[in-house]
Each structure stands twice: as structure tokens, then as C-alpha cells.
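Beneath this line is the structure, given in C-alpha cells, with notes to follow.
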Amino acid sequence: LLVWGLVTVVLGAGAWLEWNRLRPRAGSHVQVVIADFENSTGDGTFDRTLNKVVQIDLQQSPYFTVIGEGRLRHALQLMGRKAGAAITGEDVREACQRLNAQVYLTPAIAAIGSHYLLTMSANACADGQTVGARKEETDSKSGVLRAVEEMTNGIRKDVGESRASLKHFDRPL
């Protein structure tokens, strides 16, 4: 009976330690604002799709909360921006501050010959300092989604999410 009690306590302590290691620490939860992808490819299919991929990837993690597009657009309207205009990197920092978020992302995609180059910068809302930046290249349109996922995982790491959390909460689309 004593052995089973010890086994239960050890297993319970192990489970608690693992849960505690994976969850965000107090004060370490990050609210993120995402600018629209700057799309210089001329391919309109990337315009909304890629932002959704980034949003889904970030929302897998308990470390991040993504400020929704509706809330972001409302803040931009209060700032005097046009309702349907693209959410640019220039506008997103001020909106990020007004929404009391910690980080804003400025992603871009460009066509270079038959390849696609994707970049993403993560910046602190308070001072605009770069906290992470990533780039990925793919040789086909079908590889763009995977490249966005890789780039977003790198940004998650740059912003401070632990390896254990990245491993546990990374689900491919």
C-alpha cells in the first residue's frame, strides 16, 4: 500500500512538473498583432490565405494570443484609417500600442523568378525593436504554406516560446 502511494505521488508530481514546464509563465503570455502580408507576387490567392496560416500557427500555442482582425480594424478606424485598407507595417505598430499588445508581425512574400521568398519580422510594440526575423524560400507555389509554417515556428522561438512548448503545440496544417 505504501509503494502504491509513493508511485501515485511520484507520477502526480511528474505530471504537474511537465504541465508547469509547458504552460506560459506568469507575465510571459504574448499578445500579437499581425499586419497583412505584403504581397508583391501579383498572385491574389496569397492575400488573405497566408495571414490565416500565421494566425492558426500562433493560436496553437498557449504562449500567444492573436488580436483578431476585427478588433485590429476597429482600432485602425479609431486612428482615422480607411475601413477596408490593407493593414500595413506602418499602421500596425501604433495599433499594437493602442491594443496593449506586446508584439507585431510584418510578413511579406515576393516572387523571385520561379521561387518565392517569404520574410517575417517580429517587433516589440513599445519601441519597435526587432525581437525576431525569419526568411524562407520555396521553389513552388505548393511549398509556400509549409514555408510560412516554418517561418512562424521560428518567430515563435524568437519571441520566447520554449522548445518543449514548440514541440508539444506544433501541429502541421
Side-chain angles (χ1 to χ4, degrees), residues 24 28-113 115-141 143-162 165-166 169-170 172-173:
S28 68
H29 188 81
V30 177
Q31 289 190 329
V32 179
V33 179
I34 306 169
D36 288 337
F37 258 83
E38 183 181 314
N39 180 2
S40 61
T41 65
D43 189 339
T45 58
F46 292 135
D47 287 341
R48 291 276 182 225
T49 308
L50 298 181
N51 272 59
K52 291 297 180 193
V53 172
V54 172
Q55 185 176 357
I56 290 167
D57 278 351
L58 290 176
Q59 287 175 329
Q60 291 182 58
S61 169
Y63 188 77
F64 292 96
T65 298
V66 178
I67 303 291
E69 184 179 349
R71 192 168 156 210
L72 177 56
R73 288 202 180 276
H74 179 71
L76 289 169
Q77 282 181 317
L78 293 175
M79 293 164 42
R81 305 309 193 273
K82 292 183 180 178
I87 301 170
T88 66
E90 297 169 8
D91 292 334
V92 78
R93 179 173 175 215
E94 186 178 347
C96 185
Q97 290 173 333
R98 288 177 183 239
L99 293 166
N100 203 27
Q102 290 78 37
V103 174
Y104 65 94
L105 304 179
T106 53
I109 183 170
I112 301 173
H115 288 76
Y116 292 95
L117 177 65
L118 297 102
T119 60
M120 186 181 302
S121 176
N123 302 80
C125 295
D127 59 8
Q129 285 277 46
T130 300
V131 294
R134 295 292 170 142
K135 72 174 184 168
E136 292 287 331
E137 189 174 337
T138 184
D139 58 357
S140 68
K141 188 175 180 177
V144 168
L145 289 180
R146 185 70 202 142
V148 171
E149 286 184 86
E150 289 296 321
M151 193 169 55
T152 305
N153 282 341
I155 290 291
R156 286 170 60 185
K157 180 181 174 187
D158 291 346
V159 172
E161 187 171 1
S162 70
S165 178
L166 276 166
F169 295 108
D170 182 27
L173 288 179

Which atoms form the tightest heavy-atom contact between V103 and V159, and what is the distance?
-> CG2-CG1, 4.2 Å
Identify the two heavy atoms, one from L99 and one from Q31, that lie closest to each other, and give their separation to 0.1 Å.
-> O-OE1, 4.1 Å
Output all residues satisfying salt bridge (Lys or Arg N to Asp or Glu O under 4.0 Å) with R134, sequence neighbours left out; order by chain, then residue number.
-> D158
Side-chain contact test, heavy atoms from C-beta onward, threshold under 4.5 Å: evaluate it for E137 versus I112 and give yes or no.
-> no
Can you list every disulfide (SG to SG under 2.5 Å) pair that touches residues 53-85, not counting sequence neighbours?
-> none
Can you name the residues that form a side-chain contact (heavy atoms from CB on, under 4.5 Å) with A124, not counting sequence neighbours?
-> D127, V131
Of all residues at least two apart in sequence or in a different chain, which pass the side-chain hydrogen bond (donor to acceptor under 3.5 Å, both in side chains) check with T119?
-> none
Residue pairs fulfilling ring-ring contact (aromatic ring centres under 6.0 Å, His included) with at least one residue in residues 67-94, sequence neighbours excluded = none
Looking at residues at least two apart in the chain, or sitting in another chain, which of them share a salt bridge (Lys or Arg N to Asp or Glu O under 4.0 Å) with K141?
-> D43
For E94, salt bridge (Lys or Arg N to Asp or Glu O under 4.0 Å) partners two or more places apart | R81, R98
Who are the side-chain hydrogen bond (donor to acceptor under 3.5 Å, both in side chains) partners of S61, not counting sequence neighbours?
-> E161
Which donor-acceptor pairs under 3.5 Å do the side chains of residues 66-73 make with protein atoms, sequence neighbours left out?
unit_1	atom_1	unit_2	atom_2	d
E69	OE2	R48	NH1	3.4
E69	OE2	R73	NE	2.9
E69	OE2	R73	NH2	3.2
R73	NH1	A85	O	2.7

Within the distance-only criterion (no hydrogens, no angle test), does the side chain of T138 pair as donor or acceptor with the backbone N or O of L117 below 3.5 angstrom?
-> no
Restricting to pairs with a member in residues 57-99, which pass disulfide (SG to SG under 2.5 Å), not counting sequence neighbours?
-> C96-C125
Any residue meeting side-chain hydrogen bond (donor to acceptor under 3.5 Å, both in side chains) with T41, in chain and number order, not counting sequence neighbours = N39
In terms of heavy-atom contacts, H29 and Q102 come closest through O-OE1, 3.8 Å
Considering residues at least two apart in sequence or located in another chain, which fulfil the side-chain hydrogen bond (donor to acceptor under 3.5 Å, both in side chains) criterion with T49?
-> none
